[in-house]
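Only this structure's heavy atoms are used, side chains among them; waters, hydrogens and symmetry mates stay out. Letters go in sequence order (proteins before strands), and every chain restarts at 1.
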There are 2 protein chains.
Amino acid sequence: MTNAQTDKQVAHRLSDLGVRYTAGRRAVVAGLANGEGPMTVTELQSTLSVPIPLSSLYRSLSVLSEAGIVSPHHSGHGATRFELAEWLTGHHHHLVCVSCGSVNDIEISSDHEQGLKDLVSALAAGSDFAATDHSLEIDGECRECRR
Amino acid sequence: MTNAQTDKQVAHRLSDLGVRYTAGRRAVVAGLANGEGPMTVTELQSTLSVPIPLSSLYRSLSVLSEAGIVSPHHSGHGATRFELAEWLTGHHHHLVCVSCGSVNDIEISSDHEQGLKDLVSALAAGSDFAATDHSLEIDGECRECRR
DNA sequence: TTCCTTGCAAACGATTTGCATTGGA
DNA sequence: TCCAATGCAAATCGTTTGCAAGGAA
C-alpha cells in the first residue's frame, strides 16, 4: 500500500483541485509507490491486487499526471513509464539499461546536484529557453543483463 | 544535403560493415544532418525532397541505427526521434520543450562535460551498473511556446 | 543470377475515445 | 439527484512485417 504520508499529500492535492481520489486512483498511486522506479502501464497492472482494465489505468494516470502527482517518462523500449512526481518521492535520476529497458531510480549527493543545477542554469541562460527541470539519464547495462 | 565530411564517414562505416549506402539511406542521413535536433520519422519524411514511404524510412533508420550511424531518442510526446550519432555530430545534450515536445541540441563546455562524466562514474560505481553513456535532458519551454 | 532494398498493404502493440453503466458527494 | 468515474469495445497512432517487384553486384 501507499505510505500514509504520501497518501495524505496526494489526497490533499486532489481535493484542492476538486478531483476525486477514488479507489482506482488510490490503487494506481499505491502501485507506483511500491515500485523501484518508473513502470509501464502493463507492469503496473500486474502489481495490482484488484484487476483494473488498461483503459481505466490510462485514464487514472492521465488525471494524476495533470494533477502533477505522477510523471510520465518516455525513455525506453516503446512503452511509456510512470512514477510518482518528485515532490512526493524526492529528486532523483535514472539508470537506464540499454539491453532490457529497465529503469531504476538513483539519488545523488546534494553537492553534485547543486553542480548540475548550476550547469543547467548556465546552459539555459545561453539559449532562449526557460528551464524548469532537468534529468540526468545514465545509460548502460544493469546487473541482470551483464551476467 | 549532407556535409561531404559526414557523408564520407557514413559511406566508409557502411562499407566496412558490408551495408549498401543507397539513395534512400543517403536521403535519411541528409535529412537528419539538416535538422537542428532529433526528429520524428514523420518530420523527417516531410523534409525530404523525394517522397519516401514511412515503412522504408523506418527500415533505413533501423539499418542505420544498427550500424551506429543514427541514434534513437524516446524522450517525448509519443514518437521516437532520431538524430545522427554523436561520433558524427559531437557529444551534446537536449533541451526538451514540455509544451510542444520539440527537442533541440545543446553543447556544453568541456569542463562542464568533464564534471558530468565524473558525476556519472561516481554514481555508476556506487550501484551495480555498467555505465556506457549519459545524457542530460533539460526540460522547459522553448521560445516559440513562451510567447 | 542472387541477394539486398523498396513499396504497398496488412498486422501489431500501445494508447485513446465513444458510449452506456456505476458510484460517490 | 447529478456529474464524475469506470468498463468494454472500437478507433487511432506509431511502428513492424509479409510479400512481390525493382536494382545493384
ask   = Can the positive tip of A:R26 be found less than 6.0 Å from the middle of the six-membered ring of A:Y21, inside 45° of the ring normal?
value = yes
key: B:I52 side chain, from C-beta outward: closest of C:dG7, C:dT5, D:dC8   = C:dG7
ask   = How long is the line joining OH of B:Y21 and P of C:dT6, in whole Å?
value = 12 Å
ask   = Please give, in whole Å, the distance from D:dC8 P to A:L54 CG?
value = 11 Å
ask   = Below 4.0 angstrom from OP1 or OP2 of C:dT15, is there any side-chain N or O of A:T80?
value = yes
query = Counting just side-chain N and O atoms, does B:S56 come under 4.0 Å of either OP1 or OP2 of C:dG7?
reply = yes
key: Distance, rounded to the nearest Å, where A:Q45 contributes CD and D:dG7 contributes C1'   = 13 Å
message = Taking 4.0 Å as the cut-off, does a side-chain nitrogen or oxygen of A:T42 come that near to OP1 or OP2 on C:dA14?
response = no
inquiry  = I'd like to know whether the aromatic ring centres of A:H134 and A:H93 sit less than 6.0 Å apart in this structure.
reply    = yes
key: Nucleotide nearest A:A79 when distance is taken to its side chain, options D:dT17, D:dG7, C:dT15   = C:dT15
ask   = After noting the C-alpha distance and the side-chain angles of A:H12 and A:S15, does the key distance pass the side chain to side chain donor-acceptor pair (under 3.5 Å) rule?
value = CA-CA 5 Å; A:H12 186 259; A:S15 140; 6.0 Å; no
request  = Show your reasoning for whether side-chain contact (heavy atoms from CB on, under 4.5 Å) applies to B:D105 and B:E36.
outcome  = CA-CA 7 Å; B:D105 290 347; B:E36 296 298 309; over 6 Å; no
task = Go through C:dT6, C:dG24, C:dT15 for me and flag the one nearest to the A:R20 side chain.
result = C:dG24
ask   = C:dG18 base to A:R59 side chain: any donor-acceptor pair below 3.5 Å?
value = yes
query = If each of B:F82 and A:S55 is mapped to the nucleotide of DNA chain D with the nearest heavy atom, which maps nearer the 5' terminus, i.e. the 5' end?
reply = A:S55
inquiry  = Rounded to whole Å, please give me the gap between OH in B:Y58 and P in D:dT17.
reply    = 13 Å
